Amino acid sequence: MEHRQKFIAALLAKMTLVEKVGQLNLYNGTWEFTGPVPKDDDSQLKFEHIRQGLVGGMLNVLTVAATREAQKLAVEDSRLGIPLIFGYDVIHGYKTMAPIPLAQSASWDLEVARKCAALAALEASASGIHWTFAPMIDITRDARWGRVMEGPGEDPYLGSAMAKAWVEGFQGSDLGAVNTIAACAKHFAAYGFVEAGRDYNTVDMGSSTLHNIVLPPFKAAAEAGVATFMNGFNELNGVPVTGNRFLQRQLLKELWNWSGFVVSDWASIGEMVTHGFTADLKHAAEKAIGAGCDMDMESKAYLRHLQQLVEEGIVDQKYIDNAVQRILQVKYDLGLFDDPYRYCNQQREKSSILTDTNLALARDAARKSIVLLKNEQHILPLSKLGVSIGVIGCLAQDKDIPLGSWRAQAEANSAKSLLEGMKSLVEPDSIRFAEGYKLTRGDRSFLFELDIIENDETGFDDAVAVAQDSDVVVLAMGEDCWQTGEGRSQVDVGLKGSQQELLKQLLKVNQNIVVVMMSGRALDIAEVAHQVPALLQVWHLGSEAGNAIADVIFGDYNPSGKLPVSFPRHGGQLPIYYNHKNTGRPTTNPHDDGMVFWSHYTDCENDPLYPFGFGLSYSKFEYGESRLSANRLISGGSIKFTATIKNLGPYDGHEVVQLYIRDIVASETRPVKELKAFKKVFLAAGEEEVVSFDIDEEMLSYYLSDGSLVCEPGAFTIMVGGSSAQTQGQELIYEL
Ligand code: BGC
């Protein structure tokens with residue numbers, strides 16, 4: 001540490017103001033874009049700028065060959081030879097795709113999250129990448145927002161646990177190791193609360209929600225030592241987060257004492273002009289650097305204006321020095337000053353990407369991310385022998401959609417389809433396929449709007465014929481991966497195209513229908529859920545999707561996932577989430593006399609179709625009575641809360657035991673339930689286990705609107721269960 005400080009101080013002393021500003025400039029490589037391309041984009045100029053020491057890092061420059069070439073310009077041709085840092089959106093894999101982050105979160109398995117991030121780091125680092133723009137840890141309650149798929153879901157506790165696991169996975173215990181990369185906690189903050197779920201929209205939020213719901217995962221990431229943060233596109237209560245001094249300088253850097261660097265989102269410094277927050281790009285640069293945004297991604301605001309702003313005395317030079325120091329520290333920790341080409345090993349690039357081991361890990365993660373939502377009369381698992389199966393739906397044979405919408409370098413159409421996965425586990429002749437419906441057409445890509453096919457019934461007859469001749473139908477439904485992700489918000493989170501119509505036709509000839517639902521968000525699937533006996537939520541599961549789903553369908557894996565988001569009964573309920581407030585007229589207390597004066601919808605039930613934390617198993621888990629070791633907790637102490645969980649069989653399996661609390665009376669009202677701990681336990685059929693949790697002040701604390709953490713004396717309910725909607729609890733009194 002001491003060597004690092006000395007080394008960086010010596011380097012800083014040699015740098016001119018222009019070179020310092022250069023370190024704060026992050027350029028896009030010209031061959032891949034993940035945002036609107038600037039009109040004046042010019043690759044020759046960028047190369048020249050690298051030589052002049054005007055570039056600190058690049059994004060979207062990939063492969064050993066390309067990163068080596070760009071690095072050479074910086075190291076050999078610039079005056080001080082400071083290496084570049086290469087960043088890329090390695091969100092859930094580089095070439096081997098793990099499940100989308102929302103699906104990983106559905107595993108409630110921190111080891112899964114850690115391993116998926118470590119796998120992404122292994123492959124990306126082998127291809128010259130130093131830094132990922134992940135994890136995205138924006139809590140969100142609105143499935144209309146397309147970026148739900150990229151994050152951990154609706155809950156701050158689960159979100160914090162996942163944030164920590166992802167950071168640990170990407171960065172390992174040593175950022176200097178060649179198979180780890182720097183992580184980036186994004187988007188700081190509150191991007192997941194864009195109004196009406198429309199991407200890039202305004203965020204207007206009370207500070208209780210900010211402190212208790214939005215910030216905890218970021219704090220967890222900072223505490224886990226995440227190397228970088230990214231701000232975002234949204235404004236928060238009138239101030240664009242990119243220019244938000246409270247968030248970046250005061251909270252993150254001062255109060256949390258975090259020592260990494262903050263990068264802007266793509267052109268978000270320049271967009272402060274469009275927000276109506278700054279007069280021009282120069283003013284935007286002034287606001288952003290003052291607020292604590294250290295690196296400028298693709299606005300060129302710092303490059304063009306920071307030198308002059310310092311010379312004019314408008315921006316204090318200490319802000320520049322501090323930002324440079326933070327960036328150099330991360331480069332140092334990555335080992336780039338020891339050897340700027342240490343991630344440029346062609347041999348490693350060839351041997352460590354897309355290996356059988358990597359695919360096996362992706363398959364294991366994928367099956368653990370599947371959530372069984374319904375299974376009447378134990379229709380699942382299907383027997384591998386003696387059953388004729390009709391597999392229906394274009395999504396069943398699709399090899400591209402499971403890769404997800406932040407797929408980095410995954411090769412198009414490289415995922416295992418559901419059909420392939422199922423055929424590999426049974427006699428292929430026992431399966432017949434019909435496309436049934438078509439979902440989308442044309443070029444599908446990260447950049448452009450999707451063309452969805454409505455009302456196409458040309459495949460219905462074939463599908464009905466297959467259903468008629470089969471013992472059981474496996475119907476793949478859901479959404480294209482390009483219906484989710486950045487810039488892809490939707491007002492209607494229902495099923496598009498003719499899917500629902502097809503289901504109606506199939507039900508006329510065969511009721512044994514297992515629906516496999518592929519999506520990047522909580523879709524409105526109420527109608528489907530009511531009509532079919534079995535429903536599996538499989539998200540977009542990555543390269544090994546089909547194999548993993550087949551493992552679950554045929555019982556090679558007993559499903560253990562739980563929902564990280566509430567599934568609505570109707571899109572009009574959005575935003576919907578389990579940790580809501582009680583209100584003065586609770587949704588659970590209808591008027592006996594039929595009067596309307598309570599918080600409810602008159603045309604829909606109030607609760608979600610499937611609540612947060614819900615997920616079935618092929619076994620049944622029974623919760624015995626819970627116990628507290630004492631019913632009073634004195635400040636500074638700790639007590640035990642235990643519950644007996646029994647696997648009633650007939651399969652061995654995992655259960656996620658969830659602990660919730662309710663603070664009955666508080667200075668600022670608290671939610672009806674808050675997740676505070678969970679344990680994923682494995683129980684053989686018939687086995688029972690006493691699961692215990694420590695209850696202490698930390699668990700009972702919350703943030704007041706002024707940001708202070710308090711634990712207030714009084715009554716709490718401590719609850720345990722297998723879902724947020726099925727809990728049993730004990731009263732506890734907390735005393736000072
Ligand atoms: C996204 C970021 C991403 C960046 C770079 C932006 O449009 O909001 O999450 O890291 O592009 O690709």
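First listed ligand is number 1; within each ligand, the first listed atom is number 1. Just so it is clear, the model here is predicted, and its values are computed rather than measured.
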message: For a quick test of reading the model, state the closest non-hydrogen atom pair linking Ser299 to Gly270 and the distance between them.
response: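 Smallest heavy-atom distance, with atoms named: OG-N, 3.0 Å.
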With backbone taken as N, CA, C and O and side chain as the heavy atoms from C-beta onward, which portion of [X] lies under 4.0 Å from ligand 1: side chain, backbone, both, or neither?
| X | value |
| --- | --- |
| Arg147 | side chain |
| Met230 | side chain |
| Asn60 | neither |

field: Ionic contact status for Glu486 with Arg147, cut-off 4.0 Å
entry: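 Yes, this pair counts.
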message: Can you see whether Trp482 engages Glu449 through a side-chain donor-acceptor pair at a distance of less than 3.5 angstrom?
response: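 Short answer, no.
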- request: Give yes or no for whether the N/O distance cutoff of 3.5 Å, strictly under, is met between Trp406 and ligand 1.
  value: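 N/O-N/O distance below 3.5 Å does not exist for this pair.
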- request: Could you tell me whether Asp265 and ligand 1 have an N or O pair separated by under 3.5 Å?
  value: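 By distance alone, the answer is yes.
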message: Could you check whether any side-chain N or O of Ser519 sits under 3.5 Å from a backbone N or O of Arg521, counting only pairs where one atom can act as donor and the other as acceptor?
response: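 Yes, because the side chain of Ser519 sits within donor-acceptor range (under 3.5 Å) of the backbone of Arg521.
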field: Donor-acceptor pair, side chain of Lys331 and main chain of Gly56, under 3.5 angstrom
entry: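 Checking the backbone N and O of Gly56 against the side chain of Lys331, a donor-acceptor pair under 3.5 Å is found.
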task: State if Phe233 counts as touching ligand 1 under the rule of any non-hydrogen atom under 4.0 Å.
output: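 Phe233 counts as a contact of ligand 1 under the 4.0 Å cut-off.
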- request: Report yes or no: does His187 have a heavy atom closer than 4.0 Å to ligand 1?
  value: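 Yes, His187 has heavy atoms under 4.0 Å from ligand 1.
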field: Contacting atoms of ligand 1, where contact means under 4.0 angstrom from a heavy atom of Lys186
entry: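 Every atom of ligand 1 under 4.0 Å from some heavy atom of Lys186: 2 (C), 3 (C), 9 (O), 10 (O).
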For Phe133, the ligand 1 atoms whose distance to one of its heavy atoms is below 4.0 Å: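 Going through ligand 1 atom by atom, the ones under 4.0 Å from Phe133 are 10 (O).
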query: Do you know which of Tyr332, Tyr88, Tyr341, Tyr343 makes ring-ring contact (aromatic ring centres under 6.0 Å, His included) with His130?
result: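 Of all the options given, the one that passes is Tyr343.
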- prompt: Between Phe446 and Trp406, is the gap from one ring center to the other below 6.0 Å?
  reply: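 Here the rings of Trp406 and Phe446 have centres that are less than 6.0 Å from each other.
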